[in-house]
Every structure is written in C-alpha cells, then in structure tokens.
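These notes are about the structure you will find just below.
First the proteins, then the strands, lettered A, B, ... as listed; each starts at 1.
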Number of protein chains: 2
Amino acid sequence: MDILEINKILSNQLRLNILDWLKTPEDHFPAHKELGHFNDGVCVQYIGTKAGISQSTVSSYLSSMQKVGLITATRHGKWTYYKRNEEVIRNYIEHLSENL
Amino acid sequence: MDILEINKILSNQLRLNILDWLKTPEDHFPAHKELGHFNDGVCVQYIGTKAGISQSTVSSYLSSMQKVGLITATRHGKWTYYKRNEEVIRNYIEHLSENL
DNA sequence: ACTACATTTCGGTAATTATCGAAATGTTTT
DNA sequence: AAAACATTTCGATAATTACCGAAATGTAGT
C-alpha cells in the first residue's frame, strides 16, 4: 500500500469526483446500452464525458487509479469498465487511522 | 475542512515525515535548551535540520500545514513551535471514512 | 483478415509545486 | 533602540503534474 502515491492521486479534484461518482453510478451515468447494469462499474467514455476531459486524460487518470488499486478494470466486449475497489479504499483509510 | 487541500499537503514525503516526527518529538529531536520539553512541539529550525531542507522551505511547508489546521504554532520567545493538531487529523480521517 | 469503433500510448505545452538564497521582518536581551 | 539571532517573505529556476490531439493498438462482428 503506497500511501504517498494514493495521496497524490487524491489531490486532484477531478479524480476525487470520479471516485465519488462511482459510489452510485446509477445517479451519475446513463445505463449502459448493452449491459443494462453497473455491476462492473462504468466505461471510460461515460466517465470522460461526465468529467469533461479528453479520452486520453481520463484514461490516464483511470489507469493511475487502478495502478494503486483504488479501482478495478473489467473488459466487456469493446469497453473497459471501472469500479471502486472498496477493500483497498477501506484499507487505505484504516492505514491512515493507524499511521497518520 | 478542505479535503482537497489537505490531500495536496499529504502528497509530499517530507511533509508526511514531519507529521510523523511530531508524533513523538523526543524520539526525533534534541530537547530544546530553553524549554526542556515538547509541550508545544518543535521549533522550525530543528524540523528543517532534520528534514534536510532550507529554512525558507520548511517555513513554507509548516505554514501551509498550519493553514489547513494539521498543526498549530505557538511562539515562545524567539522561537515558533509547531505541534500536531490531533483533533483536526482525527476529523480529517473521520471525514474520509464517511466520504471517500 | 478487414471495418468500425473503443481505448491506450505518445509526444508536447501550460500550469502547478518544489526548493533555494537573499532580503525583510520579529523578538529578546543588552 | 541597537545587536544578535530566529523566522518569514520574496523572487527565481528546476521538477512534476495537468491536459490535449494524434497516432497506435485492441476487439467484435462482417
């Protein structure tokens, strides 16, 4: 668990927003046409549109977030879906409680 | 409580170190000649020396940390002593638990 | 294996943060 | 109120991060 890296990721408002939106995808994104559910989260395109940033930027944000474990990626057909990794998030906070 | 600002401050290793050292000053700093205790924390000079950064840099770090409330400053004679503000730190973590 | 479309990677520039030394300012004690 | 010393503020430059558009790559269905 690289606390410093996670903190860096959490020091950007857009990335905080993304993490927040992913808590309740149904409140922030249209249901995906093909899947009709959010079991594996939300696809890159929807997140980028919502955030108002380019595909390349959102992709880079998401992969950095995935790298430290905050979110997980699942591929369904053409799309990659991202969702929160609640366990890692919980661990992170737990770690802060003990060490900050 | 400005979570984003606090996260930014916590995304620097040196500032994390400072916060850590201030948990047990007696383990990391010499007892101050004039005071002989750490009730109000540690002076800027000692922290800067320990961190290996210039006075201006450490001063800027400390004031940014104070600005968001993570530490408090107390002046004793010629020196300004800084110590952790445990309440704010606890609140921050509590806030993360509920909102991250 | 080609098309159509989604996603990622690759340079590139603008904005922010890191960090310094020097100058300015504050405090205590003469 | 001047000396001696501590601390903060003020530019300046190096390093990092924020983003973008274009090119490259991956995938599903012809």
Test of understanding: clusters of I, L, V, M, F, W, Y form through side-chain heavy atoms closer than 4.5 Å, transitively. Do B/W79 and B/Y46 belong to the same one?
no
For the pair made of CD1 in B/I9 and P in C/dT16, what is the distance, rounded to whole Å?
17 Å
Heavy atoms only, 4.0 Å cut-off, all strands: where does B/Y46 land among base, sugar-phosphate and nothing?
nothing
Students often get this wrong, so: under 4.0 angstrom with heavy atoms, is B/T80 touching a base, only sugar-phosphate, or nothing?
sugar-phosphate
Between P on C/dT16 and CG on B/N7, what's the gap in Å once rounded to a whole number?
18 Å
Residue A/I53, side-chain heavy atoms: nucleotide from D/dC20, C/dA6, C/dT9 that is nearest
D/dC20
Nearest to the side chain of B/Q45 - C/dA6, D/dT17, D/dA6?
D/dA6
Just the rounded figure in Å: distance from P of D/dT8 to CE of B/M65.
14 Å
Residue mapping more 5' on DNA chain C - nearest nucleotide basis, B/S60 or A/T57
A/T57
Side chain of A/R75 (C-beta onward), nearest among D/dG26, C/dA18, D/dT8
D/dG26
Can you tell me how far CG of A/L14 sits from CD1 of A/I53, rounded to the nearest 0.5 angstrom?
4.5 Å
I need the single residue from B/Y82, B/Y81, B/F38 that forms a ring-ring contact (aromatic ring centres under 6.0 Å, His included) with B/H76. Which is it?
B/Y81
Specify the separation, in whole Å, of atom CG of A/N12 and atom P of C/dA15.
16 Å
Go through C/dT7, D/dC20, C/dA22 for me and flag the one nearest to the B/S56 side chain.
C/dA22
Spacing between B/L14 atom CG and D/dA15 atom P, to the nearest angstrom
17 Å
Enclosure of B/K23 NZ (heavy-atom neighbours >12, cutoff 6.0 Å)
yes
Indicate yes or no: does B/E87 engage B/R90 in a salt bridge with an N to O separation below 4.0 Å.
no
So what does A/Y61 hit on the nucleic acid, given a heavy-atom distance under 4.0 Å: a base, only sugar-phosphate, or nothing?
sugar-phosphate
What is the separation between atom CH2 on A/W79 and atom C1' on C/dC5, rounded to the nearest whole Å?
9 Å
May I have the distance from B/K78 (atom NZ) to D/dT8 (atom P), rounded to whole angstrom?
15 Å
Rounded to the nearest Å, what distance is computed from the CD atom of residue B/Q55 to the P atom of nucleotide C/dT19?
15 Å
Let me know, please, whether A/G77 or A/S54 comes out on the 5' side of the other along DNA chain D by nearest nucleotide.
A/S54
Can you find a side chain N or O atom of A/Y82 that sits less than 4.0 Å from OP1 or OP2 on C/dT8?
yes
